[in-house]
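Down below is the structure, laid out as structure tokens.
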Amino acid sequence: MFRSHQSRAAVNHLVVVMLGLLASFQVAADDSSPVFVDRAVELGVDFTHFNGMTGHLYFAEHMGTGAALSDFDGDGDLDLYLGQGHLLAPPDDAAPGAGGPALRDRLFRNDLNTGELRFTDITGESGLDARGYAMGVAVGDIDNDGDPDLYILNLAANELWRNDSEPGAPRFTNITDGSNTADPRWSAAASFFDFDADGLLDLFVGNYVEFRVAIHKQCASAEGVLDYCGPKAYQAEANRVLRNLGDGVFEDWTSRLGLSDLKRPTLGVVASDFDGDGFTDVYVANDQHANALLLNQAGAGFIDDAAMAGAAVDASGQPQASMGVLAEDFNGDGLVDLFMTHLHRETNTLYVNLGDGLWDDATRSSGLGRPSFAYTGFGTAALDYDRDGELDIVVANGAVKRIDEQYRAAEPLPLRQRNQLFRGIGRGRFAEAPDFEEPAVAEVSRALAAGDLDNDGDRDLVIANNNGPVRILLNRNRPEADGWAGVDLRLPGADDAVPGRRALGAWVGALRTGGADRFWRRFHTDGSYAAANDPRVVVPTASEPPTVVVVWPNGALEAFQLPGQGRYFTLVRGRGAPAPKPDPVP
């Protein structure tokens with residue numbers, strides 16, 4: 001976020017002099033009980049993912065699926081999108097013509113405004129008839145009309161669905177044809193971001209490997225047992241950057257931005273201003289290949305600085321199998337750090353931003369390494385589940401190679417692992433919190449989307465399992481009504497009375513206890529793996545509503561005195577109190 005320690009000092013001074021700020025944080029009342037409890041069935045979400053496996057061990061079948069949390073119908077609560085699979089090829093004993101896409105993605109409306117948290121399947125009435133083999137999803141407002149549009153990442157052609165909803169009347173229109181967004185390759189990750197600062201959200205599409213059933217390969221374990229292949233068995237696909245031209249049309253700018261050679265198996269993407277120059281950069285998480293830190297050259301191109309900056313490989317110089325990725329200020333120094341999930345026997349990784357363009361692999365000292373060694377992480381989320389002011393990390397786990405014990409027990413998909421929660425204990429250090437979910441089941445977890453489903457001030461979790469049921473984990477640490485305030489950030493709309501699109505890429509800052517130390521939270525929908533998140537930020541409060549500082553995507557700073565507590569407030573750029581910018585980077 002901010003490049004130098006001089007910049008951080010200026011922001012510290014700015015934040016310290018603000019009035020009406022935070023004084024204390026609450027801690028969970030009962031640390032011995034599960035923090036998150038699954039309520040999917042009770043809430044009306046009867047979704048089970050089908051990966052289409054027939055025993056041939058097709059590489060793609062164990063990698064999906066996607067999930068998104070967003071207020072699609074504009075009624076103030078989070079709705080739920082879930083991606084579905086289908087047969088990739090007919091089973092050997094199937095009749096001719098079998099194996100077509102009989103299933104489709106599902107959209108569930110949140111009916112919280114009726115007084116009770118409950119979901120209703122509105123797939124049919126919404127017009128969202130998506131029947132591809134879904135691998136992930138990205139959410140962004142492509143036409144600046146204030147509602148979120150949907151980009152579905154598929155094993156084949158991707159789909160762009162424009163949101164034409166009105167409050168109480170959700171409706172989507174497939175505008176893929178003519179939009180130039182139907183990438184036919186295996187797309188696994190995407191992020192909406194405004195790379196040229198023209199006010200329109202562009203699109204980074206991360207593609208994986210060149211897999212098709214027709215070129216399926218057989219791979220085996222070291223013991224000679226047939227198993228799923230890894231990414232190196234297939235050619236990597238190239239990523240794409242699509243520039244938004246308006247009116248639902250995008251243009252492929254990959255080559256002219258200098259990224260035509262960026263051809264690595266990508267599974268995770270986050271967009272943020274990593275070098276503090278006012279232009280949005282992109283971090284690309286690649287599977288068993290070096291990751292990329294694409295620094296934006298004022299909208300005219302990108303330069304991969306990961307190797308020079310120390311964010312391409314681990315501390316021993318080895319590339320890792322990066323899947324999910326987060327960009328947040330994990331150690332509270334005002335700089336955006338990076339966390340990513342990896343294959344078992346690699347550990348998950350935390351890159352700490354040192355300022356001035358340098359990064360440090362702090363995995364070992366953070367406490368995140370050893371507990372993750374035996375697991376394969378995919379989706380991930382950063383949240384303050386216990387309201388102590390420190391970011392915590394949740395990781396959705398599931399193996400990609402057969403687990404011997406499960407395989408010998410003849411389990412149909414022997415890849416099940418338990419998920420993990422790492423509690424932030426300060427200064428970028430973490431400790432695993434056991435028994436954090438109920439029921440504590442081992443599944444093949446993939447996408448993880450985080451958001452406040454019941455608008456009670458804490459973040460809940462949606463975990464999409466491969467070839468299994470979705471889990472909706474409600475956070476039981478409910479803050480008091482006067483213990484929090486939520487922030488939604490919008491850019492000005494064409495009509496002053498109606499805010500425009502969400503200000504993706506902005507940051508929200510507020511003070512901690514005592515008024516001398518502060519934290520920052522990124523406003524985003526991207527990150528994790530194959531998922532889109534609730535961008536809203538929750539600020540713990542004390543005896544009075546807080547003042548927050550917003551760093552807008554264009555670098556402008558504004559201070560907002562929130563008018564109350566216990567609910568969410570929409571802040572629009574240009575309507576706060578002007579605040580001095582940090583010192584320029586020398």
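Residues meeting the side-chain contact (heavy atoms from CB on, under 4.5 Å) test with Val249, sequence neighbours left out: Asn180, Leu245. In this structure Arg471 satisfies the salt bridge (charged side-chain N to carboxylate O under 4.0 Å, His left out) test together with Asp38, Glu443, sequence neighbours excluded. Every salt bridge (charged side-chain N to carboxylate O under 4.0 Å, His left out) that Arg243 has, sequence neighbours left out, goes to Asp196, Asp198. Take Arg256 and apply the salt bridge (charged side-chain N to carboxylate O under 4.0 Å, His left out) test, not counting sequence neighbours, and it matches Glu251. With sequence neighbours left out, the side-chain contact (heavy atoms from CB on, under 4.5 Å) criterion links Ala189 to Val269.
Inspection of the Thr349 and His342 side chains reveals an N or O donor paired with an N or O acceptor under 3.5 Å. For Asn475 and Tyr385, the side-chain atoms include no donor-acceptor pair closer than 3.5 Å. Remark: the Asp164 side chain and the Thr173 side chain contain an N/O donor-acceptor pair separated by less than 3.5 Å. Counting only N and O atoms by type, the side chains of Asn533 and Thr525 include no donor and acceptor under 3.5 Å apart. Residues Ser221 and Asp227 bring no donor and acceptor atom of their side chains to less than 3.5 Å of each other. Between the side chains of Ser316 and Gln318, no donor-acceptor pair is found at a separation under 3.5 Å.
With rounding to the nearest 0.5 angstrom, the CG atom of Leu107 is 9.5 Å from the OH atom of Tyr81. Within the model, atoms CG of Asn244 and CZ of Phe192 stand 8.5 Å from one another, a figure rounded to the nearest 0.5 Å. With values rounded to the nearest 0.5 angstrom, Thr266 atom OG1 is found 4.0 Å from Asn286 atom CG.
With hydrogens and angles ignored, the 3.5 Å screen pairs no side-chain donor or acceptor of Thr347 with any backbone N or O of Arg370. Looking at Arg171, its side chain does come within 3.5 Å of a backbone N or O of Glu125 through a donor-acceptor pair. A distance-only check finds no donor-acceptor pair linking the side chain of Tyr529 to the backbone of Thr341 [under 3.5 Å]. Although no hydrogens or angles enter the test, the distance criterion places a donor-acceptor pair under 3.5 Å between the side chain of Ser372 and the main chain of Asn348. A donor-acceptor contact shorter than 3.5 Å links the side chain of Asp105 to the backbone of Gln84. Between the side chain of Arg522 and the backbone N or O of Ala327, at least one donor-acceptor pair lies under 3.5 Å. For the pair Asn466 (side chain) and Asn51 (backbone), a donor-acceptor distance under 3.5 Å is absent. Checked by atom type and distance alone, the side chain of Ser187 never pairs as donor or acceptor with a backbone atom of Leu153 at under 3.5 Å. Put simply, the side chain of Thr363 gets close to the backbone of Leu350: a donor and an acceptor are under 3.5 Å apart. With hydrogens and angles ignored, the 3.5 Å screen pairs a side-chain donor or acceptor of Asp304 with a backbone N or O of Leu293.
Between Asp121 and Arg106 there is a salt bridge, since a side-chain N of the basic residue sits under 4.0 Å from a carboxylate O of the acidic one.
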Cut-off 3.5 Å, no hydrogens considered: what does the side-chain donor-acceptor table look like for residues 403-410, sequence neighbours left out?
residue: Gln406; atom: OE1; partner: Leu415; partner atom: N; Å: 3.2
residue: Gln406; atom: OE1; partner: Arg416; partner atom: N; Å: 3.0
residue: Gln406; atom: NE2; partner: Arg416; partner atom: O; Å: 2.9

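Side-chain contact between Thr176 and Asn158 is absent, with no heavy-atom pair separated by less than 4.5 Å. Here the side chains of Leu155 and Met63 are not in contact, with every heavy-atom distance at 4.5 Å or above. Using a 4.5 Å heavy-atom threshold, the side chains of Leu80 and Asn110 count as separate. For the pair Asn419 and Asn397, the minimum side-chain heavy-atom distance is below 4.5 Å.
Taking the centre of each ring, His216 and Phe59 stay at or above the 6.0 Å mark.
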Review point. Side chain to side chain contact (heavy atoms under 4.5 Å, CB included) between Ile472 and Leu474: does it pass, once the steps are laid out?
Key: CA-CA 6 Å; Ile472 299 182; Leu474 295 186; 4.2 Å; yes

